[in-house]
> 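Below is a structure I'd like to ask you about.
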Amino acid sequence: MGRYRLGDIIRMTRKSLSITQEQLSEDICSVETLSRIETGKQNPSRDVYELLMERMGRIRERAYSILSVSDFKVLEKMQAFEEAIQSYDFQRAEKILKEILKKQGDTNLDKQFKIRAVSLVNYRLGRISTDEFLDELQKAIRLTIPKYGNISLKNWPLTYNEANIILNISTAYAEKNEYQKAVEILEEAYGALNQSYMDVELRNTFQVFILNNLSKWYGLMGNHQKAIDVTLQGIKICKECKIGNVLPNLLYNYAWNKRRLIDEGVLSQEYKRECIRAIKQAYYISCAMQYPYGEQFLKQHLSKYYNINVI
Amino acid sequence: MIRDMEVQNNNIGTAIQYFRETYHISQSKLCKGICSVSTLSRIEAGERNVDALILETLLERLGKVPHQFELILTDFDYNAYMCREEIKKKINQKDIEGARKLIDEYDKLTTDKGTPHKQFTMVSRALLNELEGGDPRTNINLLIEAICCTVPDFNTNNEITDYYLSVTELNIILDILQKLIALGMDDVADKVLNQVLDYLYRHRQMAHIRNIYIKVAVIAGNFFMKHDKIDQALEICDNGIKMYKGSRRMDYIGDLYYIKAILLEKKFDKTTEWEESRKKECLKLYLQAYCIFDFCGESSKAENIRNHLREVYEWEDIV
């Protein structure tokens with residue numbers, strides 16, 4: 001289902017045979033080229049593709065031409081599903097999901113998407129418990145990473161679907177107040193994203209999203225300095241890539257953790273100005289991005305904790 | 001699992017046909033300027049021996065990102081692709097001679113291979129001309145030649161209504177537009193701008209139009225403002241802001257709020273309608289624009305707003 005591509009197929013085949021990029025590419029192309037093909041930065045020539053697949057013992061003609069449109073009829077609906085989830089509109093998500101499932105195929109990747117999507121909707125609509133949700137997610141991830149939980153994912157090139165599942169697993173742990181576990185999973189996923197095959201913009205968005213969650217969990221664990229470092233890392237990516245959707249949250253988390261350190265006496269009162277600045281920025285950027293909920297929340301926050309009224 | 005995927009393997013032609021029919025686009029409109037209807041029919045029927053750049057352009061005209069659809073390239077396609085990447089790199093590095101040599105090679109390599117290749121060559125030559133500090137009019141002519149490769153009617157009377165344009169094609173047209181405005185050729189610019197606005201309005205339901213629209217709104221807002229068409233400018237800003245909702249990115253949105261604030265000021269300042277609430281609305285727009293500019297490192301724009309707010313609004317408490 002979804003976003004497996006040529007690079008994924010070569011990479012996953014290679015991983016399933018436990019051979020390295022060096023071994024596979026020898027005398028066919030350079031390691032750099034293979035790496036670029038696997039991460040989707042370059043399309044392979046037909047010769048190179050055939051030689052690679054042949055070395056791995058695969059039938060080469062079958063995958064000729066185009067590989068990622070097997071599901072093109074549901075591709076757009078899947079994007080709509082993710083958007084509905086991200087805007088907390090779970091009823092709409094469920095409606096879209098029903099349409100997707102009507103047209104869906106029966107591969108492992110289809111199943112993986114289905115298990116995650118169905119359990120996510122059910123969980124968010126209060127039909128299953130956090131533990132049941134976690135069980136389903138782990139079932140889903142083990143379809144493509146059978147040893148999940150026993151191996152490190154730090155260098156595992158995650159697919160879009162896998163990355164989504166892992167984020168959900170982390171969130172589920174955090175909602176059980178197991179922040180340490182939630183943080184560990186995200187730290188690992190963050191490393192894995194650098195290896196993954198996703199277009200750059202999507203990857204950046206994922207990374208910012210992870211950093212935002214990390215800063216939340218670190219903050220709730222009382223590790224405010226670490227939380228601040230993480231928000232700064234996220235803010236930097238937002239700045240470089242001009243991503244605005246998670247930015248108000250990051251700025252707020254930054255200020256929230258600074259404020260905790262001030263209240264604990266670790267930082268002097270002078271730092272309050274920085275907090276105010278960050279929250280004001282968050283407020284105006286929320287307005288600019290047209291997030292009425294964030295706008296309202298930040299306005300009240302400024303008035304309640306800093307006695308400041310914004311326009 | 002790998003086997004599963006291979007069995008499900010689809011042909012790119014099926015995808016093109018599927019999207020084309022979903023959006024109710026006729027074959028002749030989709031391929032106009034790129035290939036013949038019979039070629040498109042062959043592509044949709046599964047013919048594989050088709051130039052990769054032509055496939056990409058067709059997909060792009062349907063609003064799809066070509067890299068969503070991975071291709072295995074023939075030797076020719078592969079070499080052409082590598083050459084295009086190399087040319088882009090040389091231009092980025094400002095290696096004028098290196099780029100020129102490669103562009104000439106690419107031109108030779110792709111003769112008779114289709115209009116999208118020619119278009120790429122012409123766009124690269126325009127970029128090269130700009131790098132060399134060449135005559136801006138030559139630059140415009142090169143870009144017009146580039147767009148005419150796949151949109152031949154652009155030459156006659158800037159007629160784009162009959163086409164479904166890719167983001168690449170639209171961006172070439174916007175480049176021309178911006179250069180015309182910069183040269184003060186406002187009469188021609190006005191014509192092109194209206195064509196573009198009309199085109200975007202009629203294709204507004206297609207997802208990729210949204211991103212382009214915001215860019216156009218900034219260009220059009222500034223242009224209309226320059227010609228004192230305040231209401232027209234305001235309308236397009238508002239449309240742009242509406243279209244922006246739900247976007248993740250911050251490009252152009254700062255400019256859009258900035259222009260809207262200036263426009264509101266121009267319209268209402270020194271009239272009886274310049275009320276406290278209106279003033280507040282303006283101030284808020286300025287502050288939104290300021291925060292975006294400030295954050296994205298566009299410091300001169302941020303500085304302008306800062307000064308303006310100090311002078312006109314006596315606003316010291318900037319974020």
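What you are looking at is a predicted structure, and each value in this text was computed from that prediction instead of being measured. Chain identifiers are assigned alphabetically (A, B, ...) following the order of the sequence lines, protein sequences preceding nucleic acid strands; residue numbering begins at 1 within each chain.
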> Counting only non-hydrogen atoms closer than 4.5 Å, does B/Leu285 touch chain A with its backbone (N, CA, C, O), its side chain (CB onward), both, or neither?
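For B/Leu285, neither part sits under 4.5 Å from chain A.
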
> Using non-hydrogen atoms and a 4.5 Å limit, figure out which bit of B/Phe295 sits close to chain A: side chain, backbone, both or neither.
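Backbone plus side chain of B/Phe295, per the 4.5 Å heavy-atom cut-off to chain A.
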
> Under 4.5 Å heavy-atom distance to chain A, tell me which part of B/Thr22 shows up: side chain, backbone, both or neither.
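It is neither, since no heavy atom gets under 4.5 Å.
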
> Examine whether an atom of A/Ser286 lies under 4.5 Å from a heavy atom of chain B, and if so say whether it belongs to the side chain, the backbone or both; otherwise answer neither.
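Looking at A/Ser286, nothing touches chain B.
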
> Would you mind checking which part of A/Leu247 comes under 4.5 Å of any heavy atom in chain B, side chain (CB onward), backbone (N, CA, C, O), both or neither?
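Contact with chain B involves the side chain of A/Leu247 alone.
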
> Determine whether the side chains of A/Lys280 and A/Tyr284 contain a donor N or O and an acceptor N or O closer than 3.5 Å.
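Result is no, nothing qualifies.
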
> I'd like to verify something: which residue of B/Glu281, B/Gln288, B/Arg248 has the highest number of heavy-atom pairs under 4.5 Å with chain A?
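Looking at each option in turn, the highest pair count goes to B/Arg248.
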
> More than 12 non-hydrogen atoms from neighbouring residues, nucleotides or ligands closer than 6.0 Å to OH on B/Tyr81, yes or no?
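Enclosed: over 12 neighbouring heavy atoms sit under 6.0 Å from OH of B/Tyr81.
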
> Hey, could you give me each pair passing salt bridge (charged side-chain N to carboxylate O under 4.0 Å, His left out) that has a residue in residues 207-217 of chain B? Not counting sequence neighbours.
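Checked against salt bridge (charged side-chain N to carboxylate O under 4.0 Å, His left out) - neighbours excluded - no pair reaches residues 207-217 of chain B.
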
> Are there over 12 heavy-atom neighbours, none belonging to B/Asn307, within less than 6.0 Å of that residue's CG?
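Yes, CG of B/Asn307 has more than 12 neighbouring heavy atoms, counting only those of other groups under 6.0 Å.
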
> Cation over ring, B/Lys113 on B/Phe76, under 6.0 Å and within 45°?
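Relative to the ring axis of B/Phe76, which defines the angle, B/Lys113 lies inside both limits.
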
